[in-house]
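In what follows, a single structure is set out as structure tokens and then discussed.
Each ligand, and each atom within it, is numbered from 1 in the order the structure gives. One-based numbering along the sequence shown. Remember, it's a predicted structure, so these values are computed and weren't measured experimentally.
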Amino acid sequence: MNLVLLGAPGSGKGYVSSYLKQNFGFNHISTGELIRANIKNKTELGIYAEAIIARGELLPDDVIMKIIKQELEKCQNSNNIFDGFPRTLNQAKMLQDIANVDMAIYIDVPFEMIIKRVESRRVCATCGTMQISQEANGKCEKCGGELVQRDDDKPEVVSRRLKVYSDQTAPLIDFYQSKNNLIKVDNSGSADYLFAQIDRIVKDMSR
Ligand code: ADP
């Protein structure tokens with residue numbers, strides 16, 4: 001089974017992915033995480049991608065498709081969640097040619113709320129866990145590592161990413177809706193409210 005998670009940057013795609021992975025055994029494919037791992041390891045792709053990500057822009061579709069195809073070869077038989085992919089109509093059409101999308105879950109959050117959440121979002125420099133922290137020198141609740149702000153979570157880059165999302169990714173909502181393949185969840189409330197909606201979707205899908 002393949003699920004696509006749609007939503008603006010900071011809407012909670014990573015959060016929902018972790019929940020689906022932990023509770024229902026999904027395999028998490030995050031193009032953002034794969035690219036960040038390449039940046040950390042200073043691979044050819046990482047060196048190329050670093051400046052593009054820092055500007056809040058998208059990588060070219062062919063680069064992303066190469067990453068996705070490599071990942072899919074490793075996980076042909078698992079239940080996959082695509083997090084942060086597809087991000088353009090072209091990517092969605094190319095995905096159609098290589099895999100069946102059972103459902104796209106659109107995580108809806110008002111932009112004002114996203115801007116506030118992303119401002120206090122931090123990532124652990126050691127284990128990569130995302131956390132919300134208001135403290136200046138907060139420590140990771142999992143491993144005690146240093147919490148840092150992603151360069152692309154800085155306010156000026158976030159507004160650029162939201163614009164890129166509105167222009168290039170939001171049209172995918174209509175794309176999946178027209179195939180009767182879209183389900184919307186509301187993430188403007190508590191985590192419990194969000195996860196209750198996810199539980200119901202998984203339950204309905206496994207009927
Ligand atoms: P978020 O969902 O918070 O925006 P991600 O971790 O998914 O963050 O992605 C971070 C960055 O990686 C994006 O802003 C973009 O530059 C790049 N990226 C990730 N996925 C894609 C994709 N499918 N197509 C193009 N660029 C991508």
Can you find an N or O of R36 that's nearer than 3.5 Å to an N or O of ligand 1?
yes

For the residue pair D186 / S188, report whether a side-chain donor-acceptor contact shorter than 3.5 Å exists.
yes

Tell me: protein heavy atom nearest atom 20 (N) of ligand 1, and distance?
T31 OG1, 2.7 Å

Is it true that K116 and E119 have a side-chain N and a carboxylate O under 4.0 angstrom from each other?
no

Is it true that Y165 and I53 fall in one hydrophobic cluster, defined by side-chain heavy atoms closer than 4.5 Å?
yes

Which pair of heavy atoms, one from V118 and one from P9, lies closest together, and at what distance?
CG2-O, 4.4 Å

Which bit of I64 is near ligand 1, meaning a heavy atom under 4.0 Å away: side chain, backbone, both or neither?
side chain

Can you report which non-hydrogen protein atom sits closest to atom 2 (O) of ligand 1, along with the distance?
K13 NZ, 2.9 Å

Do N80 side-chain atoms and C75 backbone N/O form a donor-acceptor pair below 3.5 Å?
yes

So for I52, does at least one of its heavy atoms come nearer than 4.0 angstrom to any atom of ligand 1?
no

For atom 18 (N) of ligand 1, the closest protein heavy atom turns out to be I35 CD1, 3.7 Å

Looking only at protein heavy atoms, what sits closest to atom 26 (N) of ligand 1 is L59 N, 3.0 Å

Kindly determine whether T88 and N90 satisfy side-chain hydrogen bond (donor to acceptor under 3.5 Å, both in side chains), including the steps that lead there.
CA-CA 5 Å; T88 64; N90 198 22; 5.4 Å; no

May I ask you to list the atoms of ligand 1 that are less than 4.0 angstrom from any heavy atom of G84?
20 (N), 21 (C), 22 (C), 23 (N)

Could you tell me whether E57 and R55 make a salt bridge, using a distance below 4.0 angstrom between a side-chain N and a carboxylate O?
yes

Does the ring centre of F26 sit less than 6.0 Å away from the ring centre of Y19?
no

What one should report as the nearest heavy-atom pair of F175 and S178 is O-OG, 2.8 Å

Between I29 and the options D83, I68, I81, the side-chain contact (heavy atoms from CB on, under 4.5 Å) test singles out I68

Ligand-side contact atoms (ligand 1) for residue partner Q91, heavy atom cut-off under 4.0 Å:
22 (C), 23 (N), 24 (N), 25 (C)

Just let me know how D83 lines up against ligand 1, side chain, backbone, both or neither, with a heavy-atom cut-off below 4.0 Å.
neither

Is it the side chain (CB and beyond), the backbone, both or neither of R121 that lies under 4.0 Å from ligand 1, heavy atoms counted?
side chain

Any heavy atom of G10 closer to ligand 1 than 4.0 angstrom?
yes

Just do the side-chain contact (heavy atoms from CB on, under 4.5 Å) check on F82 and L72 with the steps written out, would you?
CA-CA 10 Å; F82 293 100; L72 271 179; 3.9 Å; yes

Closest non-hydrogen protein atom to atom 3 (O) of ligand 1, residue and atom name please, with distance?
R161 NH2, 2.8 Å

Where ligand 1 meets P9 - atom numbers and elements under 4.0 angstrom, heavy-atom basis:
1 (P), 2 (O), 3 (O), 4 (O)

Report the nearest protein non-hydrogen atom to atom 12 (O) of ligand 1: residue, atom name, distance rounded to 0.1 Å.
I53 CD1, 3.3 Å

Atom 15 (C) of ligand 1 - nearest protein heavy atom and its distance
E57 O, 3.4 Å

Heavy-atom distances under 4.0 Å decide this one: backbone, side chain, both or neither, for R150 against ligand 1?
side chain

Lys/Arg-Asp/Glu bridge criterion (N-O < 4.0 Å) met for K163, D167
yes

Does ligand 1 have an atom under 4.0 Å from some heavy atom of Q168?
no

How close does the nearest protein non-hydrogen atom get to atom 7 (O) of ligand 1, and which residue and atom is it?
R87 NH1, 3.2 Å

